[in-house]
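Read the numbers this way: they start at 1 and go in the same order the structure lists the ligands and their atoms. This structure is a prediction, so every number in the text was calculated from the model and none was measured. Residues: numbered from 1 along the sequence shown.
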Amino acid sequence: MTGIGFELLKTDGRARRGRVSTAHGVINTPAFMPVGTAATVKAMTTDAVKSTGAEILLGNTYHLMLRPTAERVGQLGGLHRFMNWDKPILTDSGGFQVMSLSDLRTMTEEGVTFKSHLDGSKHHLTPERSIQIQHLLDSNITMCLDECTPFPATEAQAASSMRLSMRWAKRSKDAFVERPGYGLFGIVQGGVYQDLRAESVAALSDIGFDGYAIGGLAVGEGQETMFTVLDFTEPLMVKDRPRYLMGVGRPSDLIGAVRRGVDMFDCVMPTRSGRTGQAFVRRGTINIRNARHAHDERPLDEECGCPACRNHSRAYLHHLFKAGEMLGPMLLTWHNLHYYQDLMAELRQAIEDGRFEEVASALEARLNEGDV
Ligand SMILES: Nc1nc2c(CCc3ccccc3)c3nc[nH]c3cc2c(=O)[nH]1
Ligand SMILES: [Zn+2]
């Protein structure tokens with residue numbers, strides 16, 4: 001197999017059950033991919049991440065090029081060996097993180113010049129350099145360098161931003177080293193504009209990629225707008241390649257996007273909010289720091305099999321956070337990732353059984369039950 005393989009195993013409405021195969025193993029879709037920004041899923045060992053059911057994790061070109069540098073990771077055998085994760089890895093191309101993390105950045109046709117948020121040192125990122133960095137990291141799924149069009153943007157702004165990303169997509173493809181089990185994904189842009197999204201899908205399909213991400217969303221547009229953009233973009237996308245919705249999302253976002261034909265997801269919510277004490281449970285969310293949990297002997301979620309729910313009460317987790325104990329963020333991160341994987345497994349099974357709509361609407365109803 002050149003590039004990565006994709007099998008579409010079953011559909012139920014627009015929802016898809018598939019399998020992505022890479023040099024480091026298989027990813028069952030719909031899949032949630034935990035974010036491991038600086039070669040670590042924060043507060044989790046790789047064994048812990050594996051125990052949640054995750055089959056792929058994400059790394060970041062931006063962070064790793066700054067520290068410890070891509071050359072260092074490459075010298076040490078790539079990201080898999082560096083962090084001891086032997087399953088697939090997807091890395092973002094860095095443009096999104098430059099725009100959200102560094103200051104004093106300038107964007108030109110050539111690429112983006114920016115100052116490190118760590119030490120102010122100057123760096124350049126071009127499509128060619130981003131592809132080279134991801135190659136050094138030994139990423140199984142490489143992302144094209146793109147510009148994530150800010151929200152809101154006028155149609156003219158979204159058009160010129162998208163067209164720059166399409167020129168960068170071609171340069172990314174030309175720089176990518178084809179290897180069996182390794183693939184390159186294009187990223188659809190175009191803001192909230194139907195004709196621009198269509199132009200971007202067509203431009204990327206003409207170039208040809210192993211998979212197609214939908215970018216420019218989860219940038220503050222809100223769930224309704226995100227779903228509207230999916231509704232007019234997804235039907236234009238080829239069916240025999242994976243679709244990856246970048247940066248999404250909360251459980252209700254995931255259910256709605258699987259319903260609309262998305263296969264792969266990433267989001268910092270389960271890890272970032274886990275560290276602040278927010279737990280995602282089947283009936284909504286819990287902020288464990290709230291006083292009402294101080295004496296509650298129940299687990300976070302009775303139906304969850306994670307170490308936090310098997311071994312501890314809400315009262316104990318509340319105490320850990322109040323005491324500033326590092327076990328608190330560890331256990332809530334573990335729970336959130338475990339819950340996200342359970343949710344994706346339930347959606348995969350529902351598609352296989354031809355019961356997606358029944359299962360999805362029941363899950364959505366429970367999320368709004370409240371009083372968790
Ligand atoms: N390259 C790119 N990344 C995005 C991310 C980061 C996803 C990511 C991938 C891998 C690791 C971390 C983060 C977005 N997050 C929210 N919305 C997003 C939009 C884009 C986008 O349009 N382009
Ligand atoms: Zn749990």
Are Phe176 and Met65 linked, directly or through intermediate hydrophobic residues, by side-chain heavy-atom contacts shorter than 4.5 Å (ILVMFWY only)?
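Yes, it is one cluster - the side chains of Met65 and Phe176 are joined through contacts under 4.5 Å.
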Do [X] and ligand 1 have an N or O pair less than 3.5 Å apart?
X: Leu217; result: yes
X: Asn60; result: no
X: Gln189; result: yes
X: Gly216; result: yes

From the options Arg366, Arg310, Arg283, select the one residue that forms a salt bridge (charged side-chain N to carboxylate O under 4.0 Å, His left out) with Glu303.
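The single option meeting the salt bridge (charged side-chain N to carboxylate O under 4.0 Å, His left out) with Glu303 is Arg366.
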Would you call the rings of [X] and [Y] parallel, tilted or perpendicular, taking 30° and 60° as the class edges?
X: His24; Y: His80; value: parallel
X: His117; Y: His63; value: perpendicular
X: Tyr339; Y: His335; value: parallel

In terms of atom number and element, which parts of ligand 1 are under 4.0 angstrom from non-hydrogen atoms of [X]?
X: Ala218; answer: 16 (C), 17 (N)
X: Tyr244; answer: 9 (C)
X: Gln97; answer: 6 (C), 12 (C), 13 (C)
X: Cys148; answer: 19 (C), 21 (C), 22 (O)
X: Asp146; answer: 1 (N), 2 (C), 21 (C), 22 (O), 23 (N)

Given the rule in the side-chain contact (heavy atoms from CB on, under 4.5 Å) test, do Leu204 and Met166 qualify, once you have shown the distances and angles that lead to the verdict?
CA-CA 7 Å; Leu204 295 178; Met166 295 304 101; 3.6 Å; yes
Could you tell me the angle subtended at the Zn ion (ligand 2) by SG of Cys309 and ND1 of His335, rounded to 10°?
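Rounded to 10°, it measures 100°.
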Mode of Phe185 contact toward ligand 1 - side chain, backbone, both, neither (heavy atoms, under 4.0 Å)
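Neither; nothing of Phe185 gets under 4.0 Å from ligand 1.
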What part of Ile187, side chain from CB on, backbone N/CA/C/O, both or neither, has a heavy atom under 4.0 Å from ligand 1?
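Side chain only.
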Under 6.0 Å between ring centres, would you say that holds for Phe32 and Phe265?
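So the answer is no for these two rings.
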How about Tyr340 and Phe280: are their ring centres within less than 6.0 Å of each other?
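For Tyr340 and Phe280, the ring centres are under 6.0 Å apart.
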Does ligand 1 have an atom that lies less than 4.0 angstrom from a heavy atom of Met246?
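Flag set, Met246 near ligand 1.
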Say whether Ala213 and ligand 1 are in contact under the criterion: heavy-atom distance to a ligand atom below 4.0 Å.
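No, that is not the case, since the closest heavy atom of the residue is not under 4.0 Å from the ligand.
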Kindly confirm or rule out a cation-pi arrangement of Lys50 over Trp85, judged by NZ or CZ under 6.0 Å from the six-membered ring centre and within 45° of its axis?
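Lys50 over Trp85 ring: yes.
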Starting from [atom], which protein heavy atom do you reach first, and at what distance in Å?
atom: atom 20 (C) of ligand 1; answer: Phe96 CD1, 3.6 Å
atom: atom 3 (N) of ligand 1; answer: Asp92 OD2, 2.8 Å
atom: atom 16 (C) of ligand 1; answer: Gly247 CA, 3.4 Å

Is it the case that the side chains of Thr52 and Gln341 hold a donor-acceptor pair, with the cut-off being a distance below 3.5 Å and no angle test?
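Distance-only check fails for Gln341 and Thr52.
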Glu110/Arg171 under salt bridge (charged side-chain N to carboxylate O under 4.0 Å, His left out): CA gap, chis, key distance, verdict:
CA-CA 10 Å; Glu110 183 56 20; Arg171 286 170 53 189; 3.7 Å; yes
